[in-house]
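This report refers to the structure that appears directly beneath it.
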2 protein chains.
Amino acid sequence: MADTHQNLGLLCFYPHRAMEARVLAGLAAAGFDDLTPAQGRIAARVGPDGTRLTDLAAQALVTKQTAGHLVDQLERTGYVRRVPDPTDARARLVRLAERGEAALAVARRVEVAVEAEWTAHLGEEDAARLRAILTRLREVTDPWR
Amino acid sequence: MADTHQNLGLLCFYPHRAMEARVLAGLAAAGFDDLTPAQGRIAARVGPDGTRLTDLAAQALVTKQTAGHLVDQLERTGYVRRVPDPTDARARLVRLAERGEAALAVARRVEVAVEAEWTAHLGEEDAARLRAILTRLREVTDPWR
DNA sequence: CCTTGACGGTCAGACGATCTGACGAGATGG
DNA sequence: CCATCTCGTCAGATCGTCTGACCGTCAAGG
């Protein structure tokens, strides 16, 4: 593992894992200690106006059964609500509840803090470059937009 | 999700996921269709001279129980062997078996191909920059060196 | 209108991956 | 040689995930 030339996918893994761990730890420290990583990955994709279960599943790359299961738990613990979709009687929108909004605010704060640490290590210029390059890379690695 | 400013951890996630999916698909297409993602993550960390279970667990960030379980499966399907560690009678080294070496070769080929695609999209210069920056970022995001 | 097929979501059942806790056997240092 | 650490396993539990079957609703074409 001491290769100087590691594959790019793996190199991308470390920051992602580090960020997820830090955010989860921050949430737990703030009292949101009943969130699992999988729940977080679903909750993080709930849009401001609510999101359909099917869309959540597609974006998180899990089946709709899995997404439904996780939303069940998130609903039970008060992070989200399911409301009817006014435009389609089949569908229901998953929306953040008060507790979900509060957790989101904490998560955002941790994200900003971690990015600041990374920027301090890399320097402003490279941090900005990294973001720019990754954003372009996303065009060919994210099936969603 | 249409933010222009996405958190860096998430931005790192897309390439990692894409790479893992491509490698797994390539392995499956080459006849190694009995590998699960979790098994792959363990197998990918087996060094050329064998690696202790405890080290595999630490590097993959799972408990040694989990690692042991996954190695059991990899052994059953012929990807790895457990051999005694000559320097420590408690320990056993996990080594790639013939099938494991063959799978590794396929995985490496896919990795190279995917990186070539990414480089084509980003340009030589930015691809090199991305690798350099991620390598530096690893210093603060990878607890293992 | 009604049929037909596509879509949104749930239910049931299974398996895989992961954890915590307890344990035995070998290593290691006073 | 004893206390203690480390390597790995066993047992049991929980969580995440999948496949397949199913029901209700939407939308388009006779």
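Numbered from 1 within each chain, the chains take letters A, B, ... in sequence-line order.
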Under 4.0 angstrom, heavy atoms only, what part of the nucleic acid is Asp85(B) near: base, sugar-phosphate, or nothing?
-> nothing

In whole Å, what is the span from the [atom1] atom of [X] to the [atom2] atom of [N]?
X: Lys64(B); N: dC5(D); atom1: NZ; atom2: P; value: 14 Å
X: His69(A); N: dG13(C); atom1: NE2; atom2: P; value: 15 Å
X: Asp72(A); N: dT10(C); atom1: CG; atom2: P; value: 7 Å
X: Leu70(A); N: dT17(D); atom1: CG; atom2: C1'; value: 9 Å
X: Leu56(A); N: dC7(C); atom1: CG; atom2: C1'; value: 16 Å
X: Arg41(A); N: dA17(C); atom1: CZ; atom2: P; value: 15 Å
X: Arg82(B); N: dG8(D); atom1: CZ; atom2: C1'; value: 9 Å
X: Glu75(A); N: dG9(C); atom1: CD; atom2: C1'; value: 13 Å

Under 4.0 angstrom between Thr54(A) side-chain N/O and dC7(C) OP1 or OP2 = no

Looking only at side-chain N and O atoms, does Gln73(A) come under 4.0 Å of OP1 or OP2 in dG16(D)?
->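 For dG16(D), OP1 or OP2 has a side-chain N or O of Gln73(A) closer than 4.0 Å.
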
Where do Ala107(A) and Val23(A) come nearest, in terms of heavy atoms and distance?
->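 Heavy atoms of Ala107(A) and Val23(A) come nearest at CB-CG1, 3.9 Å.
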
On a heavy-atom basis, the closest approach of Leu35(A) and Leu74(A) is CD2-CD2, 3.6 Å

Is there a donor-acceptor pair under 3.5 Å between the side chain of Gln39(B) and the backbone N or O of Val71(B)?
-> no

Taking the side chain from Arg45(B) and the backbone from Arg41(B), do they hold a donor-acceptor pair closer than 3.5 Å?
->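 Yes, because the side chain of Arg45(B) sits within donor-acceptor range (under 3.5 Å) of the backbone of Arg41(B).
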
What nucleotide among dT9(D), dT17(D), dT10(C) has an atom nearest to a side-chain atom of Leu53(A)?
-> dT10(C)

Which nucleotide in dG9(C), dT18(C), dT25(D) has an atom nearest any side-chain atom of Thr66(B) | dT18(C)

Let me know, please, whether Asp88(A) or Ala38(A) comes out on the 5' side of the other along DNA chain D by nearest nucleotide.
->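 By nearest-heavy-atom nucleotide position, the 5'-most residue is Ala38(A).
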
Pick the nucleotide of DNA chain D nearest each of Gln65(A) and Thr36(A); which residue has the one closer to the 5' end?
-> Thr36(A)

Take the C1' atoms of the five end pairs on each side of the helix from dC1(C)-dG30(D) to dG30(C)-dC1(D), derive the two axes, and give their angle rounded to 10 degrees.
-> 30°

Distance-only donor-acceptor test (3.5 Å): side chain Arg90(A), base dC7(C) = yes

Check: dG16(C) base within 3.5 Å donor-acceptor of Gln39(B) side chain =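 No, the side chain and the base share no sub-3.5 Å donor-acceptor pair.
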
Does Arg92(A) or Thr87(B) map to a spot on DNA chain C nearer the 5' end, using the closest nucleotide for each?
->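 Taking each residue's closest nucleotide, the earlier one in sequence belongs to Arg92(A).
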
Sole residue of Asp142(A), Thr135(A), Leu137(A) in side chain to side chain contact (heavy atoms under 4.5 Å, CB included) with Leu11(B) | Thr135(A)

From Glu115(A) atom CD to Arg131(A) atom CZ, the distance as rounded to the nearest 0.5 Å = 4.5 Å

Hey, what do you get for CD (Glu20(B)) to CZ (Phe13(A)), rounding to the nearest 0.5 Å?
->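 Rounded to the nearest 0.5 Å, the CD-CZ separation comes out at 8.0 Å.
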
Are Trp118(B) and Leu130(B) close enough that some pair of their side-chain heavy atoms sits under 4.5 Å apart?
->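 In short, these two side chains do not touch, never coming nearer than 4.5 Å.
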
